[in-house]
Amino acid sequence: NGNVFVSDSLVLNSGSVRTGLNTITVGSNGFLTRSTGYICGNLAKVFVAGGAISKSFEIGDSIDYTPVNISFDNVFVSLYFFVSRTNLNK
């Protein structure tokens, strides 16, 4: 219970990880891999300064996997990008 910071690896094999009001944050040395699992809630990833970068956010709601892909041509300042997906009716 609480926020989770991923500094190594997080593997999503199946089903969904529900964050509630908390956030899973993937740091600059961390990574997330999935087969069929995903995050239902709040997910943040770092975009490190130094050029073009693309990240996939492995999120969905209680019914569907609906990933978000974000790309930047050039990142001048490192920042955390936050994405959230919930289904409050389920």
Side-chain angles (χ1 to χ4, degrees):
N1 297 349
N3 295 319
V4 173
F5 186 83
V6 178
S7 59
D8 189 7
S9 65
L10 175 63
V11 179
L12 302 171
N13 287 324
S14 65
S16 62
V17 176
R18 299 176 192 284
T19 66
L21 297 175
N22 301 303
T23 300
I24 295 175
T25 301
V26 180
S28 59
N29 292 324
F31 62 94
L32 192 153
T33 57
R34 70 174 291 276
S35 54
T36 60
Y38 56 89
I39 306 296
C40 180
N42 307 311
L43 177 60
K45 292 186 176 184
V46 67
F47 284 74
V48 178
I53 191 166
S54 295
K55 300 258 183 181
S56 202
F57 288 76
E58 299 82 355
I59 63 169
D61 61 19
S62 60
I63 300 169
D64 294 314
Y65 173 61
T66 52
V68 173
N69 298 306
I70 299 173
S71 298
F72 293 104
D73 290 335
N74 201 348
V75 177
F76 295 102
V77 177
S78 296
L79 59 93
Y80 282 92
F81 207 90
F82 175 89
V83 175
S84 180
R85 175 69 193 255
T86 57
N87 184 343
L88 300 176
N89 296 321
K90 300 289 178 185

Establish whether [X] and [Y] are linked, either directly or via other cluster members, by ILVMFWY side-chain heavy-atom contacts under 4.5 Å.
X   : Y   : value
V75 : F82 : no
V6  : Y80 : no
V83 : F72 : yes
F5  : I39 : no
V46 : I59 : no

Report the relative orientation of the aromatic rings in F47 and F57; use parallel for angles under 30°, tilted for 30 to 60°, perpendicular for over 60°.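 F47 and F57: parallel rings.
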Judged by atom type as modelled, is there a donor-acceptor pair below 3.5 Å linking the side chain of [X] to the main-chain atoms of [Y]?
X   : Y   : answer
S56 : N69 : no
S9  : F31 : no
N42 : G20 : yes
T36 : N13 : yes

Here's a test for you: under side-chain contact (heavy atoms from CB on, under 4.5 Å), which of I24, L43, N3 qualifies with T19?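 The passing option is I24.
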Near N29 CG, under 6.0 Å, is it more than 12 heavy atoms from other residues, nucleotides or ligands?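 No - once you tally the heavy atoms of other residues, nucleotides and ligands closer than 6.0 Å, there are 12 at most.
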Ring-face cation of R34 near Y65 (centre distance under 6.0 Å, axis angle within 45°): yes
A side-chain contact here means heavy atoms from C-beta on lying under 4.5 Å apart; do V17 and L10 qualify? no
To the nearest 0.5 Å, how far apart are [atom1] in [X] and [atom2] in [Y]?
X   : Y   : atom1 : atom2 : result
S16 : D64 : OG    : CG    : 11.5 Å
E58 : L12 : CD    : CG    : 7.0 Å
I53 : N74 : CD1   : CG    : 10.5 Å

